[in-house]
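Values below: every heavy atom of this structure, side chains too, minus hydrogens, waters and symmetry copies. In this chain, numbering begins with 1 at the start of the sequence shown.
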Amino acid sequence: MLREVHPQGRHHYPFFGGAQKDHPTKGSHVELTQDSIYKLAPFAATLGIEFPVLTASRVRAELANRHELSTLGGGLHGGAIMSLSDLAGAVCAGLNITGDAGWTTVESTTYFLRAVRGERAAAVATPVKVGRGLINVDIDVFDEADRHCARTSQILFVQSVP
């Protein structure tokens, strides 16, 4: 993890979604768009993840199952599934914070239930508990036949930017 030292000698860890001058805000909650997500997390653009639903109560992220993301047998690689889940969870958390707070995943557990086959995978993230310091998000991953393929539970740390 990238670490910077404050002038006072304290360590500072930059967080995904921290205060940004070009970061769109609406009222006191963060408003994220697909373009702003790509700026904050370029990995989402690299994978080609699309975000057709972006609300505080539900985020839907979709990933095409292409050859370079597959594993033996043609299923979507577990690392790609975990990346899709992590980004959906982080975006969901970001839509639930206020002000210029930053956030980062501190724990993530994924259960693989079946292979993701077919053209696309969709991750649906919903907040379970939104606190001032921690946010718990559940993410369910489905294949294009709407079969439940994976379940991820994440805890995200929220820190106010000084």
Side-chain angles (χ1 to χ4, degrees), residues 1-2 12-65 69 76-114 116 120-162:
M1 180 183 303
L2 196 71
H12 168 70
Y13 295 91
F15 294 93
F16 168 78
Q20 306 257 337
K21 289 189 168 73
D22 63 345
H23 193 274
T25 58
K26 179 180 181 183
S28 61
H29 284 275
V30 173
E31 181 183 316
L32 294 172
T33 65
Q34 186 157 310
D35 288 338
S36 67
I37 293 166
Y38 286 173
K39 287 179 187 173
L40 292 167
F43 187 57
T46 299
L47 288 176
I49 295 175
E50 298 172 353
F51 297 89
V53 177
L54 289 167
T55 66
S57 61
R58 185 171 184 264
V59 168
R60 182 180 174 95
E62 297 180 356
L63 175 63
N65 184 5
L69 297 178
L76 189 62
H77 190 279
I81 294 169
M82 291 169 56
S83 295
L84 176 65
S85 293
D86 184 57
L87 286 159
V91 169
C92 184
L95 290 167
N96 281 281
I97 64 170
T98 57
D100 287 334
W103 67 102
T104 190
T105 305
V106 293
E107 182 175 331
S108 183
T109 302
T110 300
Y111 297 96
F112 297 102
L113 308 173
R114 68 180 321 132
V116 174
R120 298 184 77 70
V124 178
T126 54
V128 175
K129 171 85 169 96
V130 177
R132 288 186 309 244
L134 294 174
I135 298 176
N136 176 227
V137 179
D138 280 345
I139 305 102
D140 292 297
V141 178
F142 300 92
D143 64 12
E144 65 185 4
D146 208 29
R147 291 180 293 231
H148 198 192
C149 297
R151 170 83 176 209
T152 300
S153 182
Q154 287 188 336
I155 306 291
L156 297 103
F157 175 70
V158 179
Q159 178 177 334
S160 297
V161 176

So, for [X] and [Y], which heavy atoms are closest and what is the spacing to 0.1 Å?
X	Y	value
N96	V130	O-CG1, 3.7 Å
I139	A123	CG2-CB, 3.8 Å
A56	P127	O-CG, 3.4 Å
A41	L87	CB-CD2, 4.0 Å
S83	L47	CB-CD1, 3.7 Å
D140	R151	OD1-CD, 2.7 Å

How about [X] and [Y]: do any of their side-chain heavy atoms sit closer than 4.5 Å?
X	Y	result
I37	L54	yes
L69	L63	yes
E62	I49	no

[X] side, atom [atom1]; [Y] side, atom [atom2] - distance, nearest 0.5 Å:
X	Y	atom1	atom2	result
T126	R60	OG1	CZ	13.0 Å
Y38	F51	OH	CZ	6.5 Å
R132	T98	CZ	OG1	10.5 Å
L84	R120	CG	CZ	10.0 Å

side-chain contact (heavy atoms from CB on, under 4.5 Å) evaluation trace for L156 with T104 = CA-CA 5 Å; L156 297 103; T104 190; over 6 Å; no
Ignoring hydrogens and angles, tell me if any N or O in the side chain of W103 forms a donor-acceptor pair with the backbone of A90 under 3.5 Å.
-> yes
According to side chain to side chain contact (heavy atoms under 4.5 Å, CB included), who are the partners of [X], at least two apart in sequence or on a separate chain?
X	value
E144	E119
S57	T55
P42	none

Would you please test D138 and S153 for side chain to side chain donor-acceptor pair (under 3.5 Å) and show each step?
-> CA-CA 5 Å; D138 280 345; S153 182; 3.2 Å; yes
Trace of the side-chain contact (heavy atoms from CB on, under 4.5 Å) decision for I135 with I155 | CA-CA 6 Å; I135 298 176; I155 306 291; over 6 Å; no
Set of residues satisfying side-chain hydrogen bond (donor to acceptor under 3.5 Å, both in side chains) with respect to T110, sequence neighbours excluded = T152
By side-chain hydrogen bond (donor to acceptor under 3.5 Å, both in side chains) - contacts of R147 (at least two apart) = D143
Residue pairs, two or more places apart or on separate chains, that pass ring pair (Phe, Tyr, Trp, His ring centres under 6.0 Å) and touch residues 126-154 | F142-H148
Evaluate the side-chain contact (heavy atoms from CB on, under 4.5 Å) criterion for residues I81 and V116: first the C-alpha distance (whole Å), next the side-chain angles of each, then the deciding distance (0.1 Å), finally the verdict.
-> CA-CA 9 Å; I81 294 169; V116 174; 3.7 Å; yes
Assess the side chains of S108 and T105: does a donor N or O sit below 3.5 Å from an acceptor N or O?
-> no
Is there a donor in the side chain of N136 and an acceptor in the side chain of Q154, or the other way round, less than 3.5 Å apart?
-> no
Between V59 and V124, is a side-chain contact (heavy atoms from CB on, under 4.5 Å) present by the stated rule, with each step listed?
-> CA-CA 6 Å; V59 168; V124 178; over 6 Å; no
